Protein chains: 2
Amino acid sequence: MYNRKIEEDLDCGIRVAAKVFGGKWKCCILDAINRGINRPADIGRYITDASARVIEMQLAELLFFGAIEKCAEEDVYPKKSEYRLTPMGESILPILELMDRWGLDHNELVKERQRELEHAAV
Amino acid sequence: MYNRKIEEDLDCGIRVAAKVFGGKWKCCILDAINRGINRPADIGRYITDASARVIEMQLAELLFFGAIEKCAEEDVYPKKSEYRLTPMGESILPILELMDRWGLDHNELVKERQRELEHAAV
DNA sequence: ACAATAACCGAAAAAAGATTCGGTAAGCGT
DNA sequence: ACGCTTACCGAATCTTTTTTCGGTTATTGT
(Lines give C-alpha, C1' and ligand atoms only; values in the text may rest on other atoms or scores of the structure.)
Protein backbone atom coordinates (compact mmCIF):
# COMPACT_ATOMS: atom_id res chain seq x y z
CA MET A 1 0.00 0.00 0.00
CA TYR A 2 1.19 3.46 -0.78
CA ASN A 3 2.85 5.34 2.04
CA ARG A 4 2.81 9.12 1.89
CA LYS A 5 5.95 11.18 2.05
CA ILE A 6 4.29 14.13 3.70
CA GLU A 7 2.69 13.46 7.03
CA GLU A 8 -1.02 14.16 7.37
CA ASP A 9 -2.92 15.56 10.24
CA LEU A 10 -5.10 12.72 11.51
CA ASP A 11 -6.43 14.85 14.34
CA CYS A 12 -8.67 16.42 11.77
CA GLY A 13 -11.69 14.15 11.45
CA ILE A 14 -12.29 15.05 7.85
CA ARG A 15 -8.79 13.97 6.93
CA VAL A 16 -9.34 10.63 8.66
CA ALA A 17 -12.58 10.11 6.79
CA ALA A 18 -10.92 10.95 3.49
CA LYS A 19 -8.22 8.42 4.19
CA VAL A 20 -10.68 5.62 4.83
CA PHE A 21 -13.33 6.26 2.20
CA GLY A 22 -12.03 9.07 0.03
CA GLY A 23 -10.59 8.45 -3.40
CA LYS A 24 -12.23 7.79 -6.67
CA TRP A 25 -13.82 4.38 -6.17
CA LYS A 26 -14.08 3.51 -2.49
CA CYS A 27 -17.55 4.96 -2.11
CA CYS A 28 -18.80 3.05 -5.13
CA ILE A 29 -17.32 -0.16 -3.78
CA LEU A 30 -18.91 0.33 -0.39
CA ASP A 31 -22.20 0.98 -2.14
CA ALA A 32 -21.85 -2.17 -4.22
CA ILE A 33 -21.04 -4.34 -1.22
CA ASN A 34 -23.93 -2.81 0.64
CA ARG A 35 -26.18 -3.91 -2.22
CA GLY A 36 -24.99 -7.47 -1.82
CA ILE A 37 -22.49 -7.44 -4.65
CA ASN A 38 -19.61 -8.86 -2.71
CA ARG A 39 -17.17 -10.69 -4.94
CA PRO A 40 -14.39 -8.81 -6.71
CA ALA A 41 -15.36 -9.95 -10.18
CA ASP A 42 -18.98 -8.99 -9.60
CA ILE A 43 -18.03 -5.59 -8.29
CA GLY A 44 -15.95 -5.18 -11.41
CA ARG A 45 -18.96 -5.91 -13.57
CA TYR A 46 -21.08 -3.53 -11.50
CA ILE A 47 -18.63 -0.64 -11.65
CA THR A 48 -17.80 -0.87 -15.33
CA ASP A 49 -15.61 2.23 -15.43
CA ALA A 50 -13.07 0.89 -12.99
CA SER A 51 -10.49 -1.70 -13.93
CA ALA A 52 -10.08 -4.92 -11.99
CA ARG A 53 -6.76 -3.73 -10.61
CA VAL A 54 -8.23 -0.58 -9.09
CA ILE A 55 -10.95 -2.55 -7.41
CA GLU A 56 -8.44 -4.98 -5.91
CA MET A 57 -6.34 -2.16 -4.59
CA GLN A 58 -9.21 -0.26 -3.09
CA LEU A 59 -10.66 -3.42 -1.57
CA ALA A 60 -7.29 -4.01 0.02
CA GLU A 61 -7.30 -0.56 1.55
CA LEU A 62 -10.87 -0.78 2.78
CA LEU A 63 -9.91 -4.10 4.32
CA PHE A 64 -6.78 -2.64 5.84
CA PHE A 65 -8.70 0.09 7.60
CA GLY A 66 -11.42 -2.30 8.68
CA ALA A 67 -14.36 -0.96 6.70
CA ILE A 68 -14.91 -4.34 5.09
CA GLU A 69 -14.00 -7.89 5.94
CA LYS A 70 -13.04 -10.80 3.76
CA CYS A 71 -14.90 -14.04 4.16
CA ALA A 72 -13.08 -16.48 1.93
CA GLU A 73 -12.77 -20.20 2.27
CA GLU A 74 -9.01 -20.36 2.32
CA ASP A 75 -9.05 -24.16 1.92
CA VAL A 76 -6.37 -24.59 -0.63
CA TYR A 77 -6.20 -21.38 -2.59
CA PRO A 78 -8.35 -18.21 -2.32
CA LYS A 79 -10.64 -18.73 -5.29
CA LYS A 80 -13.92 -17.71 -3.67
CA SER A 81 -13.64 -14.44 -1.80
CA GLU A 82 -16.53 -12.47 -0.50
CA TYR A 83 -16.37 -9.10 1.12
CA ARG A 84 -18.88 -7.60 3.51
CA LEU A 85 -19.23 -4.38 5.42
CA THR A 86 -18.10 -4.34 9.01
CA PRO A 87 -20.07 -2.25 11.51
CA MET A 88 -17.50 0.46 10.86
CA GLY A 89 -18.18 0.22 7.15
CA GLU A 90 -21.89 0.45 7.77
CA SER A 91 -21.42 3.58 9.82
CA ILE A 92 -20.09 5.26 6.67
CA LEU A 93 -23.25 4.68 4.66
CA PRO A 94 -25.30 7.60 6.06
CA ILE A 95 -22.51 9.98 5.11
CA LEU A 96 -22.35 8.61 1.59
CA GLU A 97 -26.08 9.00 1.23
CA LEU A 98 -25.96 12.59 2.41
CA MET A 99 -23.12 13.42 0.03
CA ASP A 100 -24.86 11.72 -2.84
CA ARG A 101 -28.07 13.61 -2.20
CA TRP A 102 -26.22 16.90 -1.90
CA GLY A 103 -24.42 16.23 -5.16
CA LEU A 104 -27.58 15.34 -7.02
CA ASP A 105 -29.29 18.44 -5.65
CA HIS A 106 -26.52 20.63 -7.02
CA ASN A 107 -25.29 18.85 -10.10
CA GLU A 108 -27.02 21.05 -12.64
CA LEU A 109 -25.14 24.07 -11.41
CA VAL A 110 -21.85 22.22 -11.29
CA LYS A 111 -22.33 20.76 -14.75
CA GLU A 112 -23.00 24.20 -16.15
CA ARG A 113 -19.82 25.61 -14.67
CA GLN A 114 -17.99 22.62 -16.03
CA ARG A 115 -19.23 23.40 -19.51
CA GLU A 116 -18.09 27.01 -19.15
CA LEU A 117 -14.62 25.81 -18.25
CA GLU A 118 -14.45 23.53 -21.26
CA HIS A 119 -15.57 26.33 -23.57
CA ALA A 120 -13.05 28.76 -22.14
CA ALA A 121 -10.31 26.20 -22.65
CA VAL A 122 -10.90 26.15 -26.41
CA MET B 1 -8.26 26.42 -13.11
CA TYR B 2 -7.13 22.96 -14.02
CA ASN B 3 -9.22 21.19 -16.62
CA ARG B 4 -9.25 17.42 -16.53
CA LYS B 5 -8.32 15.28 -19.48
CA ILE B 6 -10.50 12.41 -18.41
CA GLU B 7 -14.18 13.14 -18.18
CA GLU B 8 -15.89 12.52 -14.88
CA ASP B 9 -19.33 11.20 -14.20
CA LEU B 10 -21.27 14.10 -12.70
CA ASP B 11 -24.43 12.02 -12.51
CA CYS B 12 -22.91 10.47 -9.42
CA GLY B 13 -23.72 12.78 -6.54
CA ILE B 14 -20.64 11.86 -4.61
CA ARG B 15 -18.43 12.86 -7.52
CA VAL B 16 -20.20 16.22 -7.70
CA ALA B 17 -19.70 16.78 -4.00
CA ALA B 18 -16.02 15.88 -4.26
CA LYS B 19 -15.62 18.36 -7.07
CA VAL B 20 -17.08 21.21 -5.06
CA PHE B 21 -15.67 20.57 -1.59
CA GLY B 22 -13.24 17.72 -1.94
CA GLY B 23 -9.50 18.22 -1.94
CA LYS B 24 -7.10 18.87 0.82
CA TRP B 25 -8.08 22.32 2.05
CA LYS B 26 -11.56 23.25 0.86
CA CYS B 27 -13.28 21.84 3.93
CA CYS B 28 -10.93 23.73 6.25
CA ILE B 29 -11.54 26.94 4.36
CA LEU B 30 -15.30 26.52 4.52
CA ASP B 31 -14.95 25.88 8.22
CA ALA B 32 -12.83 28.99 8.68
CA ILE B 33 -15.24 31.19 6.78
CA ASN B 34 -18.10 29.73 8.75
CA ARG B 35 -16.30 30.81 11.92
CA GLY B 36 -16.15 34.36 10.65
CA ILE B 37 -12.57 34.26 9.41
CA ASN B 38 -13.24 35.66 6.00
CA ARG B 39 -10.22 37.43 4.61
CA PRO B 40 -7.56 35.47 2.72
CA ALA B 41 -4.69 36.59 4.94
CA ASP B 42 -6.64 35.68 8.07
CA ILE B 43 -7.56 32.29 6.71
CA GLY B 44 -3.87 31.80 6.00
CA ARG B 45 -3.03 32.53 9.62
CA TYR B 46 -5.79 30.22 10.78
CA ILE B 47 -4.76 27.28 8.59
CA THR B 48 -1.04 27.46 9.22
CA ASP B 49 -0.16 24.33 7.25
CA ALA B 50 -1.43 25.68 3.98
CA SER B 51 0.47 28.21 1.91
CA ALA B 52 -1.11 31.46 0.77
CA ARG B 53 -1.15 30.23 -2.80
CA VAL B 54 -3.19 27.16 -2.01
CA ILE B 55 -5.74 29.20 -0.16
CA GLU B 56 -6.10 31.61 -3.06
CA MET B 57 -6.57 28.77 -5.50
CA GLN B 58 -9.10 26.94 -3.41
CA LEU B 59 -10.99 30.14 -2.67
CA ALA B 60 -11.16 30.72 -6.41
CA GLU B 61 -12.65 27.28 -6.95
CA LEU B 62 -15.14 27.58 -4.14
CA LEU B 63 -16.13 30.91 -5.65
CA PHE B 64 -16.37 29.42 -9.11
CA PHE B 65 -18.79 26.74 -7.98
CA GLY B 66 -20.76 29.20 -5.89
CA ALA B 67 -20.09 27.87 -2.42
CA ILE B 68 -18.75 31.22 -1.30
CA GLU B 69 -19.12 34.79 -2.49
CA LYS B 70 -16.67 37.64 -2.57
CA CYS B 71 -17.68 40.90 -0.99
CA ALA B 72 -14.87 43.28 -1.84
CA GLU B 73 -15.00 47.00 -2.34
CA GLU B 74 -13.53 47.05 -5.79
CA ASP B 75 -13.08 50.84 -5.65
CA VAL B 76 -9.74 51.11 -7.29
CA TYR B 77 -7.86 47.91 -6.55
CA PRO B 78 -8.94 44.76 -4.64
CA LYS B 79 -7.19 45.28 -1.34
CA LYS B 80 -10.00 44.40 1.06
CA SER B 81 -11.69 41.17 0.10
CA GLU B 82 -14.04 39.27 2.30
CA TYR B 83 -15.55 35.93 1.54
CA ARG B 84 -18.75 34.51 2.96
CA LEU B 85 -20.70 31.33 2.56
CA THR B 86 -23.59 31.33 0.15
CA PRO B 87 -26.70 29.32 1.01
CA MET B 88 -25.16 26.56 -1.10
CA GLY B 89 -22.00 26.74 0.96
CA GLU B 90 -23.99 26.60 4.15
CA SER B 91 -25.76 23.49 2.95
CA ILE B 92 -22.39 21.74 2.96
CA LEU B 93 -21.75 22.34 6.64
CA PRO B 94 -23.85 19.46 7.99
CA ILE B 95 -21.93 17.03 5.83
CA LEU B 96 -18.61 18.39 7.02
CA GLU B 97 -19.72 18.05 10.59
CA LEU B 98 -20.81 14.47 10.08
CA MET B 99 -17.54 13.58 8.38
CA ASP B 100 -15.53 15.27 11.07
CA ARG B 101 -17.38 13.44 13.81
CA TRP B 102 -16.99 10.12 12.01
CA GLY B 103 -13.29 10.72 11.59
CA LEU B 104 -12.76 11.66 15.20
CA ASP B 105 -14.73 8.60 16.30
CA HIS B 106 -12.44 6.35 14.29
CA ASN B 107 -9.10 8.08 14.30
CA GLU B 108 -7.44 5.90 16.91
CA LEU B 109 -7.90 2.84 14.75
CA VAL B 110 -6.74 4.62 11.63
CA LYS B 111 -3.71 6.07 13.37
CA GLU B 112 -2.71 2.64 14.57
CA ARG B 113 -2.89 1.17 11.09
CA GLN B 114 -0.91 4.11 9.85
CA ARG B 115 1.82 3.34 12.36
CA GLU B 116 1.88 -0.28 11.23
CA LEU B 117 2.39 0.85 7.66
CA GLU B 118 5.26 3.09 8.60
CA HIS B 119 6.93 0.33 10.58
CA ALA B 120 6.54 -2.15 7.76
CA ALA B 121 8.07 0.35 5.35
CA VAL B 122 11.36 0.37 7.31
C1' DA C 1 11.24 57.38 0.42
C1' DC C 2 11.11 52.79 2.33
C1' DA C 3 9.59 48.60 4.39
C1' DA C 4 5.63 45.83 5.35
C1' DT C 5 1.26 43.98 4.20
C1' DA C 6 -2.61 42.62 1.28
C1' DA C 7 -4.52 40.24 -2.76
C1' DC C 8 -3.48 37.98 -6.58
C1' DC C 9 -1.40 35.25 -10.61
C1' DG C 10 1.73 32.02 -13.73
C1' DA C 11 4.61 28.36 -14.14
C1' DA C 12 7.56 24.72 -12.70
C1' DA C 13 8.20 20.98 -9.73
C1' DA C 14 6.93 17.53 -6.51
C1' DA C 15 3.77 14.37 -4.55
C1' DA C 16 -0.18 11.61 -4.67
C1' DG C 17 -3.40 8.93 -6.92
C1' DA C 18 -5.22 6.15 -10.83
C1' DT C 19 -4.55 3.19 -14.82
C1' DT C 20 -2.46 -0.08 -17.80
C1' DC C 21 0.20 -4.11 -18.62
C1' DG C 22 1.94 -8.35 -17.82
C1' DG C 23 2.43 -11.93 -14.71
C1' DT C 24 1.24 -16.07 -11.09
C1' DA C 25 -1.63 -19.81 -9.15
C1' DA C 26 -5.71 -22.45 -9.16
C1' DG C 27 -10.31 -24.33 -10.60
C1' DC C 28 -14.04 -25.50 -14.06
C1' DG C 29 -16.15 -26.98 -18.43
C1' DT C 30 -15.49 -29.51 -22.76
C1' DA D 1 -5.15 -30.95 -22.76
C1' DC D 2 -7.01 -26.38 -23.70
C1' DG D 3 -9.19 -22.28 -23.03
C1' DC D 4 -11.81 -19.49 -19.77
C1' DT D 5 -12.59 -17.50 -15.26
C1' DT D 6 -11.24 -16.05 -10.54
C1' DA D 7 -8.16 -13.71 -7.35
C1' DC D 8 -4.34 -11.38 -6.81
C1' DC D 9 0.30 -8.82 -7.29
C1' DG D 10 4.48 -5.66 -9.05
C1' DA D 11 5.94 -2.11 -11.65
C1' DA D 12 5.84 1.43 -15.10
C1' DT D 13 3.21 5.17 -16.70
C1' DC D 14 0.03 8.82 -16.85
C1' DT D 15 -3.13 12.13 -14.73
C1' DT D 16 -4.44 15.06 -11.16
C1' DT D 17 -3.50 17.68 -7.16
C1' DT D 18 -0.59 20.20 -4.15
C1' DT D 19 3.39 22.93 -3.23
C1' DT D 20 6.97 26.17 -4.01
C1' DC D 21 8.85 30.19 -6.03
C1' DG D 22 8.97 34.45 -7.98
C1' DG D 23 6.40 38.18 -9.67
C1' DT D 24 2.68 42.42 -10.01
C1' DT D 25 -0.14 46.25 -8.09
C1' DA D 26 -1.60 49.08 -4.53
C1' DT D 27 -2.10 50.64 0.40
C1' DT D 28 -0.42 51.72 5.10
C1' DG D 29 2.89 53.01 8.64
C1' DT D 30 7.32 55.26 9.77
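Sequence lines set the chain letters: A, B, ... in the order given, protein chains first and strands last, and positions in each chain run from 1. These numbers come from a predicted model, not from an experiment.
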Notebook entry, point to check: So what does E82(B) hit on the nucleic acid, given a heavy-atom distance under 4.0 Å: a base, only sugar-phosphate, or nothing?
Noted result: nothing
Worksheet item: Reckon Q58(A) touches a base, only the sugar-phosphate, or nothing at all at heavy-atom distances under 4.0 Å?
Response: sugar-phosphate
Per nearest nucleotide of DNA chain D, the residue lying toward the 5' end, E56(A) or I6(A), is E56(A)
Of A41(B) and M57(B), the one whose closest nucleotide on DNA chain C sits nearer the 5' end is A41(B)
Value for NZ (K19(B)) from NZ (K26(B)), rounded to nearest 0.5 Å, stands at 8.0 Å
**OP:** Determine: side-chain N/O of K70(B) to OP1/OP2 of dC8(C), distance under 4.0 Å, yes or no.
**Re:** yes
Here the distance between atom C1' of dC8(C) and atom CD of E61(B), to the nearest Å, is 15 Å
To the nearest angstrom, the CD1-C1' distance between I43(B) and dC8(C) comes to 14 Å
Between CZ of R4(A) and P of dA15(C) the distance, given in whole Å, is 12 Å
Separation of dA18(C) atom C1' from K5(B) atom NZ, nearest Å, is 14 Å
In whole angstroms, the gap separating C1' of dT20(C) from CG of D49(A) amounts to 15 Å
Here the distance between atom C1' of dT6(D) and atom CD1 of I37(A), to the nearest Å, is 17 Å
Here the distance between atom P of dA18(C) and atom NZ of K24(A), to the nearest Å, is 8 Å
Side-chain (N38(A)) to main-chain (I33(A)) donor-acceptor, under 3.5 angstrom: no
Here the distance between atom C1' of dT17(D) and atom CD1 of I55(B), to the nearest Å, is 16 Å
One should read off an interatomic distance between I37(B) CD1 and C28(B) SG, to the nearest 0.5 angstrom, of 11.5 Å
Of Y2(A) and W25(A), the one whose closest nucleotide on DNA chain C sits nearer the 5' end is Y2(A)
Quiz prompt | side-chain N/O S81(B) vs dC8(C) OP1/OP2, d < 4.0 Å | solution = yes
**Asked** Base, sugar-phosphate, or nothing: which does R53(B) touch, judged by heavy atoms less than 4.0 Å apart?
**Response** base
Here the gap from I55(A) atom CD1 to S51(A) atom OG, rounded to the nearest 0.5 Å, amounts to 7.0 Å
- prompt: Has R45(B) got a side-chain N or O lying under 4.0 Å from the OP1 or OP2 atom of dT5(C)?
  reply: no
Side chain of T86(B), backbone of A67(B): donor and acceptor closer than 3.5 Å?
yes
